[in-house]
Amino acid sequence: MTAAPAPEVVLEARGITKRFPGVIANEHVSLKLQRGEVLALLGENGAGKTTLMNILYGMYHQDAGEVLVRGQAVRISGPSDSISRGIGMVHQHFMLVPVFTVAENIILGAETGNGPFLDLSVARRQIRELSQRYNLDVDPDAYVKDLSVGQQQRVEIIKALYRKADILILDEPTAVLTPQETQELFAIIRSLTSQGASVIFITHKLKEVLAIADRIMVLRRGRVVGETTPQAASERSLAEMMVGRSVMLEVEKQEANPGATVLAIERLVVDDDRGQQVVNGLSLEVRAGEILGVAGVQGNGQTELVEAITGLRAARSGRVLINGHDLTNASPRRVSETGSAHVPEDRQEDGLVLTYSVADNLVLNRYYVAPFARGVVRDEHAIMQHAEELIDRYDVRTPSVLTPVSALSGGNKQKVIIARELSREVRLLIAAQPTRGIDVGSIEFIHQQIIAERDRGAAVLLVSAELDEIMALSDRIAVMYHGQIVATMPAAGASREELGLLMAGARPAAPAVSEAV
Amino acid sequence: MQMTSSVARPSAARIPWLSLGVWGALAILVLIAYARAPQATTAVLTSTIRQSTPIILGAMAGIMCERSGVINIGIEGMMLIAAFLGYLANVWTGNLLLATAGALLVGGAVGAFHALMSITLKVDQIIAGTVINILAVGFTGYFYQQGLTTRGKLAPIDIAPLSSIPIIGPVFFNNPPITYASLVLIVVIHVLLFRTAWGLRTRAVGEHPAAADTVGIAVNRVRYINVIIGGMLAGLAGGFLTLEAVGSFERNMTNGRGFVSLAVMIFGKWTPFGAWGGSLLFGFANAMQSQIQFLQNQLPPWLAWVSQTPPQFIGMLPYLLTIAVLAGFVGRARPPAAIGKVYEKE
Ligand SMILES: Nc1ncnc2c1ncn2[C@@H]1O[C@H](COP(=O)(O)OP(=O)(O)O)[C@@H](O)[C@H]1O
Ligand SMILES: [Mg+2]
């Protein structure tokens, strides 16, 4: 190789515009990807990152603009066009068939065999070669449903490499990974780029961008708002570009002042939908005036734990005590009437009735009592007035209180839930993934509300897969792994590395994590 | 019980020891029965195969549709229309082969209609199937004329040396063509689904259409083709009724077989061999009930009460069996994950 050759642009988008009913997801977006680099695409949820990538991959068609692959304008009318041009994409939600084996998933659509008959042996050999070359360890004959999320992601990467992709799009690949798995993914990405591949890495996490990117592009509300490099940027400057104003990266809060125990869980055992025991004799306590953060990789029983506490799922054994009353397997209404507020993990399914108006959603937990009901008759006037008051107090952006809640953005939907749950006296707040998938402005607001509840004396159980959120809000941190709390520690002394190891199942080093209440 | 989780998945069958055991035990029972009453046993077994033929064909029609993610409760109607038009083709042309081809084509056409409604027009798939069932009853009832005559029906073909094997010979090697075809099709559909690229794509489309789409598979095209193949199989089942079993058409002659097929499909966990087992069970119950009615006055004294039972009750037996089987199995069977859902990209 002679002196530095001009960087070769392998993929280019020019002036891409894409509209969905009511939103412009991409507005005149241009982007260039050079050979061998990692281009990070940073943006809040809803900024249009996935839409742009789906256009490059041929899942969507742009309304305007063009795509160039290795300098040639191309029309990508479907994924088969992009695949044949060497573009591979690992989607935000994995595109794997759970009941197929790894090998079957990888060859799907690019089958090998004799005539119409499948022959997996060639594929298995190629998969093993790829695994070795890029350090992607997977068993070709394992069923995908039995794999961890991290392993499934490797299958997705091999799937792209098997199709000879040298332009790889990774859409929010770290959202589901532990910090250690993220490090492993970074190593894989580096080995890919060192062997000539080019990578577009999508995320909304600032630390990751600075760690892995060669160049950074920031997208806000469908537009490119800036381009920079990790050397020239800081977390703060990136956050400001992403949100469009200065943001607080740290949450401000006072020392906790814990009081009596409000929530006590004793040796709780809960099954999941398939009858597998996923909460395995778990015990924990939350006191008035403190936030207990439950950290853990998704799928370690957090969902089932919260459902069992709030009465949405029957516990097999063990006890749930709220203010000293036994509420094991009580109905959700009884739990709610003890002054427990619940911000559920899945706001679309469990938090809201999407087709109901904002006003009706705001009284879902109290529609049957005065002042919202007189006997069996609803008091529309009281309901409307209540709604007007709450959308004002909680800054819910909605055209009217009669708008169906389905028409609101994610952040505003979540604010409706927060408003409903917190606009009464709350002694216990159970918040599961309270800021998943919403904009930074709403995140700040919701964090402030959670801390305000604590300061008012409520006990808060916070379950979140975002380690940063747990570390920012909690007074104590409990790490959940395989349905048990494997360690509890004061938030003040906790480090990301230690939490990450515990989340991945490493046994705690005995003295450092002893209960500090 | 430790088998339930593996049993519940509609994946390619591993070696099914449990069902092999059951069939082994049944084979021994058959041998004992044959030793005591050879003629009746052979008659029951032969009739079991005949009765099970439209059921397994209908079940495979269901399997092809549902494995690709399209619910088809219109199999009953597809069978009925194909039975009727196949019969008319026989009346007009007098050529049984042509008539059979006609039944196949009609089934395929009704399948295409179902695909059009459920895939392109995004009609709820249960409603689309119901439309077909209702149309079939109305259409065949309206155009049916009495007194049409044909020159016969498909005759058994004796496969010479094999048919003289005791028990097995007359049961398996002296059948009319559609029955042979259905036996061959069980193997063909099994291989198609679990050993070919097409089958892998079909199952992917039924489990996770977005995943199939992202690797460049045209989801709706795969669904159309499979639903049309399914319609042809249901058409062949209809052809069996008018061209091979009875030789003429009667109003509503499918008599719920399309629905039994669906039950059998679930019983067989969406696999051709599993469904065949279910069809044989249904066929056997049917064969038994006709034998019982046939032998009414020759029954041994301890079975005398049977001859006093109204024949309607004995006729119910196969359907009761279907209900019992479904009540015992439906909960455990897991249908393809994307079944009944329209695939939309944007
Ligand atoms: N299939 C779709 N139909 C309608 N609107 C969509 C669709 N996909 C995305 N959007 C909208 O487009 C915008 C950008 O979404 P997306 O590209 O998913 O953002 P990101 O990946 O950056 O979080 C959002 O407002 C979203 O609601
Ligand atoms: Mg996205």
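The sequence lines fix the lettering, A, B, ..., with proteins before strands; numbering per chain opens at 1. Model, not experiment: these values are computed from the prediction.
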> Checking heavy atoms, do the side chain of A/F94, its backbone, both or neither come under 4.5 Å from chain B?
Replying inline: backbone
> Side chain, backbone, both or neither: which part of A/F100 has an atom under 4.5 Å from a heavy atom of chain B?
Replying inline: side chain
> Mind checking whether B/F273 and B/W276 have parallel, tilted or perpendicular rings, split at 30° and 60°?
Replying inline: perpendicular
> In terms of side-chain heavy atoms, does A/T50 have a donor or acceptor partner in A/D171 at a distance below 3.5 Å?
Replying inline: yes
>> Whether the side chain of B/N220 engages the backbone of B/I119 through a donor-acceptor N/O pair (distance < 3.5 Å, no angle test) should be reported.
In response: no
> If you take all heavy atoms of B/A234 and B/I75, which pair is closest and at what distance?
Replying inline: CB-CG2, 4.2 Å
>> I need the A/L52 CG to A/T17 OG1 distance, nearest 0.5 Å.
In response: 10.5 Å
> Between B/Y224 and B/T120, does any side-chain donor sit less than 3.5 Å from a side-chain acceptor?
Replying inline: yes
> Would a 4.5 Å heavy-atom cut-off, applied to side chains only, mark B/L236 and B/L185 as touching?
Replying inline: yes
>> What residues of residues 150-165 of chain A make heavy-atom contacts with chain B at a cutoff under 4.5 angstrom?
In response: A/K159, A/R163
> Looking at A/Q277, A/Q276, A/R316, which one forms a side-chain hydrogen bond (donor to acceptor under 3.5 Å, both in side chains) with A/D271?
Replying inline: A/R316
> Tell me, side chain or backbone of B/I217 under 4.5 Å from chain A's heavy atoms, or both, or neither?
Replying inline: side chain
>> Given A/R313, which partner from the list A/D273, A/D272, A/T303 fulfils the side-chain hydrogen bond (donor to acceptor under 3.5 Å, both in side chains) test?
In response: A/D273
>> Given heavy-atom pairs under 4.5 angstrom as the criterion, report whether the side chain, backbone, both or neither of A/L108 touches chain B.
In response: both
>> Can you tell me which of A/H93, A/M95, A/E104, A/H91 forms the most heavy-atom pairs within a distance under 4.5 Å of chain B?
In response: A/M95
> Based on non-hydrogen pairs under 4.5 Å, which of B/G216, B/G199, B/A197 is most in contact with chain A?
Replying inline: B/A197
